[in-house]
Trainee: 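Sharing a structure, written as structure tokens. Questions coming.
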Amino acid sequence: MKHISKALMLMAVLAVSACTNPDRFGGAGGGAGSGQYGAGAGAGGVIPGSANDPRSTAYFQQNVGDRVLFAVDQSSLSPQAQATLDGQVQWLQTNSDYLAVIEGHADEQGTREYNLALGARRANSVMEYLIARGIPASRLKFVSYGKERPIAICSEESCYNQNRRAVTIISAGGLTS
Amino acid sequence: MRQILTGVTLAAAAAMTLLAAPVAMAQNGPLRITITEGVIEPIPYAVPSFVAESAAAQSYADQLSRVVADDLSGTGLFREIPRDAQISTITSFQSPVQFADWKAINAQALITGAVDVNSSGQLVVKFRVYDVFAGAELGEGMQFAGTADGVRRMAHKVADQVYSRITGETGYFDSRVVYVSETGPKDRRAKRLAIMDYDGANLQYLTDSRSIVLAPRFSPNGDRVLYTSYETGEPRVHVLNVGAVQSRILPTASGLMSFAPRFSPDGRSVVYSVTRGANTDIFRMDIASGSTTQLTTAPSIETGPSFSPDGSRIVFESDRSGTQQLYIMSANGGEPQRISFGAGRYGTPVWSPRGDLIAFTKQNAGRFHIGVMRVDGSEERLLTASFLDEGPTWAPNGRVLMFMRETQGAQGASSLYSVDISGRNLKRVPTPEGASDPSWGPLQ
């Protein structure tokens, strides 16, 4: 139990540093790859850590889908979001040594503190869905960034709908026992 | 006959003692303006360069009068008559004022001053305010002494006195603002806490930008700052001692997000939000003991708490009705009363230090506004409108609001603005980088 909480703390640190790295999430469409993990992908064989490696973060981001989007001021999950999360459930069940932090976000059309709480609602919706589908709560944690970390920076709906998101950040948790 | 007014410690280092001594008989003239909601014709005034009473004081004389003029003219209530229009010059603080020369240029108020360096190396600043048309002094002359690095503060104290004597209101110039300094693009914005004089001078950074920091709030006497930091991975409330620049995390529920902190008027407790699952509620913590009380229990988002100045009530925002609205409850919790009923969404309520008004952010039809309403929700007035105006904070006298304005688009950036509660005198507050989330501290 003790090293689980240590691992969670480490994950939190990773999540924060990830957030400061724009390459971490790749492009908006999910197909742009990740500078960190995607190098060498597509060269033929399965390169560990590449998008061809089904255990990799890059694979999770690009093939499973690491994020779901929300309507304005809403935290309910659309059928499309639920389908993405079903894929996440499957992946997390297969890769049971991975932990996940769900990051909730809001677009800039709201006040800072309210958006923090709104981002938490969104992240919590995802977390509750994953738990309801059988992922142990001990592997999951959420944090809200409110409107602090938009992924798309224009001031139009085409950007806002990418920013109203909950992103599942996975990490090998060290739960090897 | 000298009398110590107050002792002040400058955060930087040097202590500054302020001394006041009457140097003339008090006499109230008719020069008076009442700050109302109507359009005010600014009072024309003159503030000639202060008289340097020794060679060592020379370099401070002009700076003092410049800062006084910037303070007064910056309110929009006063209009300076430029030096080149002035007929008389003030070469001695003691010589009688030639009122006819100041009447001729239509100066209704005249401020004269002198500065010297005393035997212990302190600056000694004297000033007098005249009602030119009454041909008489307005209030008593005063004298301040302090170290040279406090020269701007001494000028602010002079201006506060002038403002107070003419408007009958307490001033706000000798005060500081803590805010979030911002650099970098919107998706990678780096944020750190900064503190400065109300006019942007004497900027100092209080944190580095390794962790996201949000929404600092001054304690009632300005000695501490509450803020939210991602230092531990999730947002948690921290308290920072301004003098020592040392911070610690408040013992809020571990592993849960805590944010939106504000001090009680006695500075002994903090109200803030905690998120548990989808639910965000307001809690109160006694700082000394760390004991907490949950003040709201609705399953909705309750945040942005702010105490009434007497500490008996708390205004906050909640989306229990379906959208963000403002509510007031007892400082001990209990059933709240909704006070906002207009179109749109209302957030970030802040109780005026005078107790009469609530300032807020309003979002309606794609625009953001800073506004004020009475405590019962009546007489709502919107003071600003833009793509994104947010997070008002009150000047210590409850007459001016400072807030954040963010521009639209991919290159959008934040800066600080101030506006009178009449909606007049909207202006940008100078900061060297982007700036958000201001909190205006007390009069020092």
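Reckoned from all heavy atoms, side chains included, excluding hydrogens, waters and symmetry mates. By convention in this document, chain letters (A, B, ...) are assigned in the order of the sequence lines, proteins followed by strands, and residues within each chain are numbered from 1.
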Trainee: B:Ile301 and A:Ala117: which non-hydrogen atoms are nearest, and at how many Å?
Mentor: CG2-CB, 3.4 Å
Trainee: Tell me, out of B:Thr348, B:Ile212, B:Thr275, who's got the most heavy-atom pairs with chain A below 4.5 Å.
Mentor: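 With the most close heavy-atom pairs to chain A, the winner is B:Ile212.
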Trainee: Got B:Ser300 and A:Arg121 here, is their nearest side-chain heavy-atom distance under 4.5 Å?
Mentor: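 In short, these two side chains touch, coming nearer than 4.5 Å.
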Trainee: Take A:Tyr114 and B:Asp319 through the side-chain contact (heavy atoms from CB on, under 4.5 Å) test and state the conclusion after the steps.
Mentor: CA-CA 9 Å; A:Tyr114 184 80; B:Asp319 68 352; 2.6 Å; yes
Trainee: Inspect the contact between A:Arg112 and B:Glu406 and indicate whether a charged nitrogen and a carboxylate oxygen are less than 4.0 angstrom apart.
Mentor: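 No, no charged N to carboxylate O under 4.0 Å.
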Trainee: Would B:Leu388 and A:Lys147 count as a side-chain contact (heavy atoms from CB on, under 4.5 Å) if you check the C-alpha gap in whole Å, the side-chain angles of each, and the deciding distance to 0.1 Å?
Mentor: CA-CA 13 Å; B:Leu388 210 179; A:Lys147 60 175 174 176; 3.9 Å; yes
Trainee: More than 12 non-hydrogen atoms from neighbouring residues, nucleotides or ligands closer than 6.0 Å to CZ on B:Arg338, yes or no?
Mentor: yes
Trainee: Do you know which two heavy atoms are closest between B:Asp187 and A:Pro150, and how far apart they sit?
Mentor: CB-O, 3.1 Å
Trainee: Look at B:Ala260, B:Gly347, B:Gly277 and state which one has the largest set of heavy-atom pairs under 4.5 Å with chain A.
Mentor: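 Most pairs with chain A among the choices: B:Gly277.
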Trainee: Can you tell which part of B:Gln408 gets under 4.5 Å to a heavy atom of chain A, answering side chain, backbone, both or neither?
Mentor: both
Trainee: Which atom names give the shortest non-hydrogen contact between A:Tyr145 and B:Tyr230, and what distance separates them?
Mentor: CA-OH, 3.3 Å
Trainee: Within a strict 4.5 Å, meaning less than it, do heavy atoms of the B:Lys186 and A:Ser155 side chains meet?
Mentor: yes
Trainee: Regarding B:Glu234 and A:Ser144, is there a side-chain donor-to-acceptor distance under 3.5 Å anywhere?
Mentor: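 A:Ser144 and B:Glu234 do not have a side-chain donor-acceptor pair below 3.5 Å.
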Trainee: Hey, mind stepping through B:Arg188 and A:Arg149 against side-chain contact (heavy atoms from CB on, under 4.5 Å) and telling me if it holds?
Mentor: CA-CA 7 Å; B:Arg188 272 169 292 162; A:Arg149 285 291 180 262; 5.7 Å; no
Trainee: Within a 6.0 Å radius of atom CD on A:Gln90, are there more than 12 heavy atoms belonging to other residues, nucleotides or ligands?
Mentor: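 Counting neighbours around CD of A:Gln90, 12 or fewer heavy atoms of other residues, nucleotides or ligands fall under 6.0 Å, so no.
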Trainee: On a heavy-atom basis, which atom in A:Leu116 and which in B:Met257 lie closest, and how many Å separate them?
Mentor: O-CE, 3.8 Å
Trainee: Carefully, step by step, assess A:Glu148 and B:Lys191 under the rule side-chain contact (heavy atoms from CB on, under 4.5 Å).
Mentor: CA-CA 10 Å; A:Glu148 302 307 312; B:Lys191 298 190 167 195; 2.6 Å; yes
Trainee: Chain B heavy atoms under 4.5 Å from A:Ser75: which part of the residue, side chain, backbone, both or neither?
Mentor: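 Neither; nothing under 4.5 Å.
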Trainee: Of the backbone (N, CA, C, O) and the side chain (C-beta and beyond), which part of A:Asp73 lies under 4.5 Å from a heavy atom of chain B, both, or neither?
Mentor: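 Contact with chain B: side chain only.
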Trainee: Kindly check if the number of other-residue, nucleotide or ligand heavy atoms within 6.0 Å of CD (A:Glu157) is above 12?
Mentor: yes
Trainee: Which residue out of B:Gln363, B:Gln411, B:Gln324 racks up the most heavy-atom pairs below 4.5 Å with chain A?
Mentor: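 That would be B:Gln324.
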Trainee: Check B:Gly233 against A:Val143 and note the closest heavy-atom contact, atom names and distance.
Mentor: O-CG2, 3.6 Å
Trainee: Identify the two heavy atoms, one from B:Phe387 and one from A:Glu108, that lie closest to each other, and give their separation to 0.1 Å.
Mentor: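 Shortest heavy-atom contact: CZ-OE2, 3.2 Å.
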Trainee: Side chain, backbone, both or neither: which part of A:Glu156 has a heavy atom under 4.5 Å from chain B?
Mentor: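 For A:Glu156, neither part sits under 4.5 Å from chain B.
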Trainee: Do you know which of B:Thr361, B:Asp437, B:Asn279 has the most heavy-atom pairs with chain A at a distance under 4.5 angstrom?
Mentor: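 Top count of heavy-atom pairs under 4.5 Å with chain A: B:Asp437.
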